[in-house]
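Below is one structure, written out as structure tokens; comments come after it.
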Amino acid sequence: MEPDVLGPPYERHTIDLGSDDEGPVVATLVRRRAERPTNRAVLYVHGFVDYFFQTHVADHFAAQGWDFYALDLRKYGRSLLPHQTANFCLDLGDYFAELDAAVKIIRSDDGHDTLLGMGHSTGGLIVSLWAHARRDAGVVDGLFLNSPFFDLNLPWVLRRPAAAAVARLAHRSPKRTLANGLSTVYGESLHANHRGEWNYDLAWKPLGGFPIRAGWLAAIRRGQQQLRAGLNIPAPMLVAASTRSFKGLKWREAAASADSVLDVEHMARWAPRLGRHVTLLRVDGGLHDLTLSAPAVRETVLTEVGRWADGFLGAGRVDSGLPTAQAAPPTPHQAAGATSTAPQA
């Protein structure tokens with residue numbers, strides 16, 4: 001391990017992944033140790049147009065006795081090299097190599113026997129497919145999926161023809177640009193230079209994102225189709241999403257308390273396809289990355305993750321430090337869905 005750009009106590013390890021058609025490939029594993037030795041660890045995987053900078057999440061888990069690891073996937077953030085196409089892949093299975101390498105470091109090298117996987121957005125889709133593919137190896141003891149990317153945020157009448165057209169284009173010209181980026185609404189809601197409270201590297205996480213390319217989108221669609229056909233992840237899972245989506249392309253105040261990237265109803269609809277032990281949590285006022293929401297909302301998220309981990313992993317309380325009375329009560333949707341085990345559909 002070497003010092004990370006975040007400074008102490010954060011450190012990082014570069015994972016050599018060989019080469020692809022663009023040249024050398026690496027991934028980066030960031031580590032934040034708890035104050036005392038522990039056998040529990042978290043492995044965090046970011047979303048699209050993203051990298052790990054959420055130190056408040058890592059610090060929270062470390063304070064509760066978890067070592068925290070975050071993986072910047074190949075061609076993202078710390079792992080993006082000058083010769084590479086940012087945030088690009090042709091198959092989501094390509095990322096399994098760095099996930100496998102990270103687990104080896106966490107379990108074999110650092111000696112942890114309880115591992116909570118944590119994926120946000122595209123990272124939530126990737127770690128789900130990986131956990132399914134490695135289901136017999138027991139790579140994780142539980143998964144927390146934060147606003148996972150289970151479907152395209154398009155009307156249903158457009159999703160199938162769009163997917164067919166993208167697949168044809170991806171076969172002929174995988175790096176063809178389909179869009180120059182995303183709406184800046186979500187970025188504005190986050191960054192301290194605009195309407196948010198977070199400072200992060202805009203070269204690694206631009207407000208409007210990176211170009212969306214045909215090959216990447218085709219890989220996403222194949223992964224989503226596999227998930228919707230049904231996975232068989234044996235570990236218990238917590239899927240969390242906001243209660244509302246924001247559909248506008250320009251900033252309105254409603255974007256400050258809703259998911260302005262994905263359709264949250266897709267997450268609720270497809271979550272049961274992950275496996276037999278799925279808990280659904282709906283968070284009122286949550287942004288797309290629930291842990292970057294307003295202070296009271298993110299405190300609720302971390303408290304709920306702790307309650308779930310206590311019940312399903314036998315890992316002890318991982319709460320936010322708030323008195324129990326300050327935690328937001330479950331919504332009616334939560335009461336109906338979040339406390340029950342959802343069978344695979």
Side-chain angles (χ1 to χ4, degrees), residues 1-17 24-47 49-82 98-120 123 127 140 144 146 190-193 196-206 289-293 295 298-299 301-303 305-306 309 315-322:
M1 291 281 183
E2 60 184 8
D4 185 60
V5 294
L6 296 172
Y10 292 88
E11 48 193 349
R12 68 181 182 188
H13 172 74
T14 300
I15 300 170
D16 184 354
L17 297 168
V25 179
V26 300
T28 310
L29 186 65
V30 179
R31 182 174 69 187
R32 198 274 194 231
R33 287 209 184 263
E35 192 171 308
R36 298 176 181 172
T38 177
N39 66 346
R40 303 184 298 171
V42 174
L43 175 59
Y44 171 89
V45 181
H46 56 78
V49 190
D50 207 357
Y51 73 101
F52 172 67
F53 64 90
Q54 295 87 341
T55 56
H56 64 291
V57 177
D59 293 348
H60 161 79
F61 276 96
Q64 305 304 319
W66 297 76
D67 284 347
F68 189 95
Y69 298 77
L71 188 63
D72 275 14
L73 300 168
R74 64 185 72 195
K75 306 186 184 185
Y76 283 85
R78 299 162 178 81
S79 307
L80 178 61
L81 303 178
E98 49 255 58
L99 286 162
D100 291 342
V103 168
K104 180 182 180 301
I105 292 169
I106 294 168
R107 287 196 182 274
S108 300
D109 298 352
D110 289 355
H112 298 91
D113 55 30
T114 297
L115 180 58
L116 171 63
M118 182 174 175
H120 167 56
V127 299
V140 293
F144 168 48
N146 170 4
L190 297 182
H191 203 276
N193 290 348
E197 61 176 294
W198 308 102
N199 282 303
Y200 50 82
D201 191 331
L202 290 171
W204 288 346
K205 185 177 173 63
D289 185 339
L290 296 166
T291 70
L292 299 180
S293 304
R298 62 183 185 256
E299 291 284 1
V301 171
L302 293 174
T303 297
V305 174
R317 269 305 267 218
V318 186
D319 52 35
S320 62
L322 287 179

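Given the structure is predicted, the values throughout are model-derived calculations rather than measurements.
- One N or O on the side chain of Arg78 and one on the backbone of Phe52 form a donor-acceptor pair closer than 3.5 Å.
- In this view, Tyr10 satisfies the ring-ring contact (aromatic ring centres under 6.0 Å, His included) rule with no residue, not counting sequence neighbours.
- Classified by interplanar angle (parallel below 30°, tilted 30° to 60°, perpendicular above 60°), the ring pair Phe53/Tyr200 is tilted.
- Of all non-hydrogen atoms in Phe68 and Ala58, the two that sit nearest each other are CD2-CB, 3.4 Å.
- Of the residues listed (Val103, Val30, Leu99), the one engaging Leu71 in a side chain to side chain contact (heavy atoms under 4.5 Å, CB included) is Leu99, and it is the only one.
- Atom CD of Glu2 sits in a crowded spot, with more than 12 heavy atoms from other residues, nucleotides or ligands closer than 6.0 Å.
- At a threshold of 4.5 Å between non-hydrogen side-chain atoms, the residues Leu292 and His56 count as touching.
- Between Leu29 and Ala102, the shortest heavy-atom distance links the atoms CD1-CB, 4.0 Å.
- Between the CG atom in Asn39 and the CG atom in Asp110 there is a gap of 12.5 Å [rounded to 0.5 Å].
- Judged by distance alone, the side chain of Lys75 and the main-chain N or O of Leu80 form no donor-acceptor pair under 3.5 Å.
- Shown here are the side chain to side chain donor-acceptor pair (under 3.5 Å) partners of His112, two or more places apart in sequence or in another chain: Asp67.
- Considering only heavy atoms from C-beta on, Ile15 stays 4.5 Å or farther from Lys104 through its side chain.
- Within the 4.5 Å cutoff, the side chain of His46 has no heavy atoms near those of the His120 side chain.
- A side-chain donor-acceptor contact under 3.5 Å links Glu98 to the backbone of Arg74.
- Formation of a donor-acceptor pair under 3.5 Å by the Tyr51 side chain with backbone atoms of Asp201 is found in this model.
- Considering only residues two or more places apart in sequence or on other chains, Arg107 meets the side chain to side chain donor-acceptor pair (under 3.5 Å) condition with Asp141.
- Between Val140 and Leu43, the closest side-chain pair of non-hydrogen atoms is not below 4.5 Å.
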